[in-house]
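As a basis for the values below, the full set of heavy atoms in this structure was taken, side chains included, without hydrogen atoms, waters or symmetry mates. Worth saying up front: this structure is predicted, and the values here are computed from it rather than measured. Here is the naming used below: chain letters follow the sequence lines, and residue numbers restart at 1 for every chain.
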Amino acid sequence: MTAISESAAGRALPWPSMLRESGLAAFVALLLTVPLVGFRTVDRPTGLGISTRFDEVLAAAALVFIGRLGLCLVNEGRALLVMVLSILALAVSAFVGFPTEALKVIAMGGAFVISLRAAMKINGDAAITLAAVYVALFLGPWLQLGGGVTLWLVAKSVIAAAALAVAVWRGLHAWRKHGAPVSLADRDKAMDRIAVKVQQASRFLGPVGIAFALIFPFLPIADRVSIDIGILLLTYIMLGWGLNIVVGLAGLLDLGYVAFYAVGAYSYALLATYFGWGFWICLPLAGVLAALSGVLLGFPVLRLRGDYFAIVTLGFGEIIRVILINWYQFTGGPNGISGIPRPSFFGLAEFNRNPTGGLPSFHEMFGLEFSSLHRIIFLYYLILALALVVNLFTLRVRKLPMGRAWEALREDDIACSSLGINRTNMKLGAFAIAAMFGGFAGSFFATRQGFISPESFTFIESAIILAIVVLGGMGSQVGVVVATFIVIGLPEMFRELEQYRMVAFGMGMVLIMLWRPRGLLAHRDPTIRLQGYGGGGTPAAGTAAAGGEAIAGGRAK
Amino acid sequence: MTDAIMTTAALPLPNATTPLLAVEHLTMRFGGLVAVNDVSFAAANRQITAVIGPNGAGKTTLFNCLTGFYSPTIGRLTLRHPDGKTFLLEQMPGYRISQKASVARTFQNIRLFGGMSVLENLMVAQHNKLQNASGFTIAGLLGLPSYRKAEQQAVDLARYWLSRVRLLDYADWQAGNLPYGAQRRLEIARAMCTEPVLLCLDEPAAGLNPRESGELADLLTFIRDEHGIGVLLIEHDMSVVMSISDHVVVLDYGRKIADGTPHEVKNDPAVIRAYLGEEEDEELPPEVAKDLEGKGV
Amino acid sequence: MEYFLQQLINGLTLGAIYGLIAIGYTMVYGIIGMINFAHGEIYMIGAFIAVITFLVLGTVGITWVPLMLLVVLIMAMLFTAVYGWTIERIAYRPLRNSPRLAPLISAIGMSIFLQNYVQLLQGARVKPLPPVVPGGFSLMERADGFVVQISYLQLTIILLTVALMYGFTQIIQRTELGRAQRACEQDKTMAGLLGVNVDRTISLTFVMGAALAAVAGVMVTLYYGVIDFYIGFLAGVKAFTAAVLGGIGSLPGAMLGGLFIGLIEAFWSAYFTIEYKDVATFSILVLVLIFRPSGLLGRPEIEKV
């Protein structure tokens, strides 16, 4: 740590150019904020009026100036100084009043990013330490010791404790060894290594995770709210895994996945309300209908190249939504469909206190006290099972010719054609299967909510699912889970900052792409291995003689 | 020369000398540009047929017509399997040419599945066979033994070709990380895993050093002699072409200008004029040769 | 016949607006081969800046219409261009050599951000503006009293679009910048080696596209007299359709495509149902891409093997 600042101390700082650069950044910030931040339209009885907020404009420009200057200093080797200052600034701005809440968030965010950048310039351990300290401070239970023990609090405390441990461990490292500054390429490689480790760990973490998910509703910390959040997370995990088949494996950028979600939801809602069919008949039907719509759309457009395909799928998503809004007689238009029947217990029992459909009630059947929680727990297990089906399918299909052909199409579709692979059929298969899973998720959504309307199926929903897939690292099953916790879980945490949610979501998507364009946990394991090779180039003895009998063990686990 | 075969309207019954591939009056136009102009020739089974010619002579276009990436403006492309099955390639959609007619190809600029492992590349090549065995994925999803057996056989075939192209040790490497020469060999192995009757190679020796070129020549001879299939070869490396080809077709400006054994072609005045220049600098295009002469080299 | 003529005028006006947005898509796609998903939001920001400038001008007492229009146009183009520049600098430039999907995702993120940023600052309610340029010519009258009108505003929009189109064509064809842009379109690396400042050229392309989108924003504000933070999405998709329809990468194609889309929308709304006009546009997009992916004026692309 000291080595860096010593070596840089001798050099004079190029103040003029640094100031010019910072001034330019501040000027751009000024131009950006003057029209939209400086002037606000307000509704007055006489029509549209305007009010001015120049204090915010000036504050924003000043923040940009300071931030840019900080980054310049980091680049000039004054990393330690900047790190200390920006941590101080972060602490101060957390307690000082700002003209608006937004400026405070910007100031804190800026100080946060700059301090991390400075730490990276010092060395990798310092950066990790600082990040871990932030995580611990941020998630620690210090803020809400008063309330009861919720799952959320437990989870936060566990993560915070782990982060603190990492901080201490890495901090000692950073102090003792004067490591080199971390470049962007180093950082990317470090993330790659983490991705590989996570991939390997998922072999036993996966079952542990599933086991936890299975017993979760019966843990004392599980209440109605946390099970509901669990259902929400699992729905998005399922959608993410479904879309992963098209985007991650087959490499087709589908911007209209929500259309199939909508087809599934409306199929169930309409079949159930018009014909009175039960959930368990409608679920497969909804899947089939969604798959059919996938084939209908896919057939003409699958040969389009990447970007065009993306736009057409987006168009298709919008067409479905417009039809849903305008076909009043059939879909209820913007009002949607309400009173969608809740699922029964596999057609054997109902979850109502006094069932009307002729079936016995669930609590009587099993001799339990009536609880409205029963249905929620059942729904939780239902979506868990559906999600696991998608996961299992993907894991297996990757090792089958169809899955391999999908990945091959993603890599080079002309070569695929030269190997006799029917490109259209394969892509259609991926599209239809993903659509089917989307349809399943849709009918689950309908039966869980009991009410659906076109509002739930906007483009933003497609974008969220896509963000989950891409953020997690395309093709990575674990990545989808991690990304769902970030994309869906984090905003749930910031309920109080409701209005900033989507702003942060959009910016977050950009930042994560800049930070790691291939996704957090992008790593691909071969689906098959020739026995005895760990992937290194060193020839193992006896391989040439191993012959055919070695193949039995050659399949990857 | 082989004019007799080319003008035969009705092909004779299959025997040892029946051509595997008959190209008749093939013409390919792109707008005003005639890339291939009325080219006819034949390629026989168990023979290496080389197609040579200066850059822009239409060789790759010819290949793209053969393998279904372009559909020819005019012409007939007849493929006759040794068992007598006949295919009109110009009427088949691209992927069918590999799937049904068993024509495999490699590409001038290598087209491997770079993010997948070497072994996976070879498994993808056996897609159709395995797809059937997996009962269009359903049997495979259920893990039925019939599929396991088929997969095992596919791995066997892959292993065989990996050892042939000396890539067995790299089986689990990511294909994109292989050195250049190894990628070229892998592409040939991948094409051979489709179990073709006709193998089309687009400049397989490009970018190889002399030792690797020699190995390539051995590999192609092996494929011809041991697997008894026809090889169609586009190549600029004359040492490879002249040493292993049974039959050479020369194109220039989209037209065929010569057709015969390497020896015949070598001595054909039209070829020398159009392509080889003087015998000493046979690999130089004419303009370069002229340039050198002008400088008194 | 009179009704038809009226719809033709309406459609051309609408088409001019779509065409101006489409140029931004087409130029960016031509030069860096990506769909600038946030371009619709740029247009939306242009419209908001227009509304705000009108209000400010009203407060300071400038009410002479031509001066107002001029000031609003300049302000909207200037500030929106800064947005265009910043977006390219922040969200796209670092990703220029990344996997194909990364810049597109980044653009989608940018689009979501801008939409909600404007909503947060300016509120979700629609912003009405009283008509600034009233009146027009009556061209002809039908027996039953139906009057075919072309308003001054429509005339302004069409004339301004023609002038801008002429100006931009000149820039692309005649100036150093235009030459640099065309060079980068062909081969960025080579252009860079030959001394073209590639980064600057791409930045300026975004600036030009944003400025044109801002003009479209001003026009739409005047034409409909009401905007909200969500107008960018649909207009963006339609303008992209226009760009594809005309042949992506082709400037006159974008304008032509815009006019087509505008006319189709006007006639569809007039003769069929107004609700499904968006479906009609999207269906056209799908049909064009399937049957003529190179668009009306684009060059056909041969699959390179």
Side-chain angles (χ1 to χ4, degrees), chain A residues 251 392-393 395-426 429 433 474-475 522 524-540 543-552 554-556, chain B residues 67-69 93-100 102 104-107 111-121 123-134 136-137 140-141 143 147-148 151-156 158-159 162-163 168-176 187 190-191 193-194:
Chain A
L392 214 66
F393 172 83
L395 288 181
R396 278 207 73 95
V397 85
R398 277 192 67 210
K399 293 171 186 167
L400 293 175
M402 181 146 80
R404 290 206 188 104
W406 288 341
E407 294 200 72
L409 281 169
R410 181 190 65 200
E411 301 283 326
D412 190 329
D413 73 336
I414 286 176
C416 280
S417 173
S418 85
L419 296 173
I421 294 172
N422 186 338
R423 292 184 274 183
T424 317
N425 278 3
M426 284 299 121
I433 288 168
M474 291 209 303
R524 184 181 179 280
D525 265 338
T527 58
I528 187 167
R529 282 179 190 280
L530 217 54
Q531 194 197 26
Y533 293 90
T538 46
T543 45
E549 85 273 7
I551 286 159
R555 241 171 275 114
Chain B
T67 47
F69 286 100
Y95 72 95
R96 288 247 161 198
I97 289 178
S98 167
Q99 189 186 28
K100 297 287 176 201
S102 305
R105 74 168 288 177
T106 64
F107 296 87
R111 284 185 175 275
L112 289 171
F113 306 123
M116 301 172 82
S117 79
V118 168
L119 181 59
E120 282 175 316
N121 267 272
M123 297 300 281
V124 172
Q126 302 177 60
H127 172 83
N128 287 309
K129 195 169 63 182
L130 288 171
Q131 179 76 350
N132 285 336
S134 78
F136 296 92
T137 311
L141 278 179
Y147 173 68
R148 292 232 191 100
E151 189 177 53
Q152 198 157 319
Q153 283 164 354
V155 176
D156 274 332
R159 183 185 288 271
L162 282 177
S163 67
L168 204 51
D169 294 341
Y170 299 88
D172 298 325
W173 273 45
Q174 207 173 314
E187 213 189 9
R190 188 179 69 181
C193 275
T194 65

Ion pair A:Glu407/A:Arg524, N-O distance below 4.0 Å: yes
Validation row: A:Asn422, B:Gln99 side chains within 4.5 angstrom (heavy atoms): no
Ring geometry between A:Phe393 and A:Trp406 (parallel below 30°, tilted from 30 to 60°, perpendicular above 60°): tilted
Atom group of B:Ser163 that falls short of 4.5 Å from chain A, counting heavy atoms: neither
Residue among B:Arg96, B:Arg190, B:Lys100 with most heavy-atom pairs under 4.5 Å to chain A: B:Arg190
Heavy-atom proximity to chain A below 4.5 Å, by part of B:Met116: both
Atom group of B:Leu112 that falls short of 4.5 Å from chain A, counting heavy atoms: backbone
Note, A:Asp412 side chain near B:Phe113 side chain (heavy atom, < 4.5 Å): yes
Pairwise side-chain contact, B:His127 with A:Arg404, heavy-atom cut-off 4.5 Å (strictly under): no
Residue among A:Gly429, A:Cys416, A:Ala408, A:Ala405 with most heavy-atom pairs under 4.5 Å to chain B: A:Ala408
